[in-house]
Student: 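Structure incoming, see below.
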Amino acid sequence: MFFLKRPDGPEPEDFHLSRRGALAGAFFAGYAVAAFSADADPIHTDETGLITAKVDLSSGIPAYVARPDGPGRHPAVLVVSEIFGVHEYIRDICRRFAKLGYVAIAPAFFVRVGDPAPIPMSQIADIMKIVAAAADPQIIGDVDAAVHWLKAQKFVDASRMAVTGYCWGGRVTWLACEEFSDFKAGVAWYGQLEPVAGRPADESRLYPVKLAASLKAPVLGLYAGKDPLSQGIPDMKAALAAAGKTGSDFVVYPDASHGFHADYRPSYNEADAKDGWARLLAFFKANGVGPGKA
């Protein structure tokens, strides 16, 4: 497996071959160029004790998988990326889950049009075009394909599956728990809940607040006080209450900004990121998706 240690390109010492298989050419090797901070010191989770691989989903896209290297059936987590796709930050999150005893899968939702990860911030419009091309029905179909792949694996305990996502993936996390009964819990990191105030609603998009009555699994929303997306929380709470949906919860970190969990970005807030991760694990466990073999 080839990875770049630098977002601006490789040096000879950056390349190494993993004993676990080849992902070369499947995913951008480094961190998303548009959001990478020169001062960042991202967490690196090694592959010791893990199996990592690229798999092909029935919907026609690849996905990155990290899982424990051992026998037995393990709980599974669907990891949904930000707008930058399956770059090193998302893959590292999968490995963090795998170290805890989960099978983690991160589908490359944008690959049909392009890979946003290597595109610089000066071309953010190109990134948004790639992201916008992933229509909600297509996204739901890809989630369905990932679920079916997990359920077909002998190392997955299909009765214990959860989903988590960041930014763009936070909205998808809510939608996944509204669409699929396979998930026992979801954790949405600063995901959009409703149309942005003052802007016309995109009628082609699905908004979690409008589908609250169909929620099939509790969701923990982790939001930033300095992020305008947190303004949708009161409406989402009201929609859940009106539908009689219990078990979901929200945590707002008052001093945090959007992207506070992303350890490669200037927005990273270490204390809030660690607290949110601990809350995620506790929420999964409380809803029957704790780590470890069946």
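As a basis for the values below, the full set of heavy atoms in this structure was taken, side chains included, without hydrogen atoms, waters or symmetry mates.
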Student: Using modelled atom types only, decide if a donor and an acceptor are shared between the side chain of R95 and the backbone of A66 within a distance under 3.5 Å.
Tutor: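 Flag not set: sc R95 to bb A66 has no pair under 3.5 Å.
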
Student: If the condition is ring pair (Phe, Tyr, Trp, His ring centres under 6.0 Å), which residues does F109 pass it with, not counting sequence neighbours?
Tutor: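 Ring pair (Phe, Tyr, Trp, His ring centres under 6.0 Å) check on F109 returns W168.
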
Student: Salt bridge or not between R96 and D263? Use side-chain N to carboxylate O under 4.0 Å.
Tutor: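 Yes.
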
Student: Is a salt bridge present between R279 and D272, judged by a nitrogen-to-oxygen distance below 4.0 Å?
Tutor: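 Looking at R279 and D272, the cut-off is not met.
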
Student: Could you check whether F36 and Y31 have their ring centres less than 6.0 Å apart?
Tutor: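 Yes, close enough.
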
Student: Ring centres under 6.0 Å, that's the criterion: do F84 and F28 meet it?
Tutor: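 Ring centres of F28 and F84 not closer than 6.0 Å.
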
Student: When you measure from the side chain of H87 to the backbone N and O of A32, does any donor-acceptor pair fall under 3.5 Å?
Tutor: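 Answer holds: yes.
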
Student: Please confirm whether the backbone N or O of G165 pairs with a side-chain atom of T173, one donor and one acceptor, at under 3.5 Å?
Tutor: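 Yes.
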
Student: For the CG atom on D46, are there more than 12 heavy atoms of other groups (residues, nucleotides or ligands in this structure) within a distance under 6.0 Å?
Tutor: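 Enclosed: over 12 neighbouring heavy atoms sit under 6.0 Å from CG of D46.
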
Student: Taking all heavy atoms of F283 and all of P218, pick out the closest pair and write down the distance.
Tutor: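 Looking at all heavy atoms of both residues, the closest pair is CE2-O, 3.5 Å.
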
Student: Does any part of the side chain of D182, heavy atoms only, come nearer than 4.5 Å to the side chain of K151, both counted from C-beta?
Tutor: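 A side-chain contact under 4.5 Å exists here.
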
Student: Can you give me the closest heavy-atom contact between Y102 and G290, atom names plus distance?
Tutor: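 Reported closest heavy-atom pair: OH-C, 3.4 Å.
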
Student: When you measure from the side chain of K99 to the backbone N and O of T48, does any donor-acceptor pair fall under 3.5 Å?
Tutor: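 At least one qualifying donor-acceptor pair exists.
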
Student: Would you please indicate yes or no on a ring centroid separation below 6.0 angstrom for W174 and F250?
Tutor: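 So the answer is yes for these two rings.
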
Student: Name the one of L175, V172, I139 that satisfies side chain to side chain contact (heavy atoms under 4.5 Å, CB included) with V80?
Tutor: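 The single option meeting the side chain to side chain contact (heavy atoms under 4.5 Å, CB included) with V80 is V172.
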
Student: Mind listing the closest non-hydrogen atom pair of P116 and I130 along with its distance?
Tutor: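 Smallest heavy-atom distance, with atoms named: CG-CG2, 4.0 Å.
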
Student: Judged by atom type as modelled, is there a donor-acceptor pair below 3.5 Å linking the side chain of D275 to the main-chain atoms of A271?
Tutor: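 Pair absent, no side-chain N/O of D275 close to backbone of A271.
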
Student: Would you find a donor on one side and an acceptor on the other, under 3.5 Å apart, between the side chain of S248 and the backbone of V219?
Tutor: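 Between the backbone of V219 and the side chain of S248 there is a qualifying donor-acceptor contact (under 3.5 Å).
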
Student: Is R112 salt-bridged to D142, cutoff N-O under 4.0 Å?
Tutor: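 Yes, charged N to carboxylate O under 4.0 Å.
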
Student: Short question: side chain of S37, backbone of R265 - any donor-acceptor pair under 3.5 Å?
Tutor: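 No: the side chain of S37 does not pair with the backbone of R265.
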
Student: Write out all pairs satisfying ring pair (Phe, Tyr, Trp, His ring centres under 6.0 Å) with one or both partners inside residues 195-237, taking only residues at least two apart or from two chains.
Tutor: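 Listed once each, the pairs would be none.
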
Student: Sub-3.5 Å donor-acceptor pair from the side chain of D136 to the main-chain atoms of L206, do we have one?
Tutor: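 Here the side-chain-to-backbone pair exists.
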
Student: Taking the side chain from K285 and the backbone from P291, do they hold a donor-acceptor pair closer than 3.5 Å?
Tutor: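 Not at all, since once roles are kept as given, no pair shorter than 3.5 Å links the two residues.
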
Student: Is there side-chain contact between Q231 and E194, with at least one heavy-atom pair below 4.5 Å?
Tutor: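 No, too far: nothing below the 4.5 Å cut-off.
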
Student: Could you check whether any side-chain N or O of D157 sits under 3.5 Å from a backbone N or O of H74, counting only pairs where one atom can act as donor and the other as acceptor?
Tutor: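 Not at all, since once roles are kept as given, no pair shorter than 3.5 Å links the two residues.
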
Student: Measuring from W149:CH2 to I105:CD1, what's the distance to the nearest 0.5 Å?
Tutor: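 Output value for this atom pair is 5.0 Å.
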
Student: Taking the six-membered ring of F155 (Phe, Tyr or Trp), confirm whether the NZ or CZ of R67 is under 6.0 Å from its centre and within 45° of its axis.
Tutor: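 Flagged: R67 positioned over aromatic ring of F155.
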
Student: Charged N to carboxylate O below 4.0 Å: is that the case for D255 and K226?
Tutor: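 Salt bridge between D255 and K226, a charged N being under 4.0 Å from a carboxylate O: no.
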
Student: Are H261 and Y166 close enough that their ring centres sit under 6.0 Å apart?
Tutor: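 Yes; Y166 has its ring centre under 6.0 Å from that of H261.
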
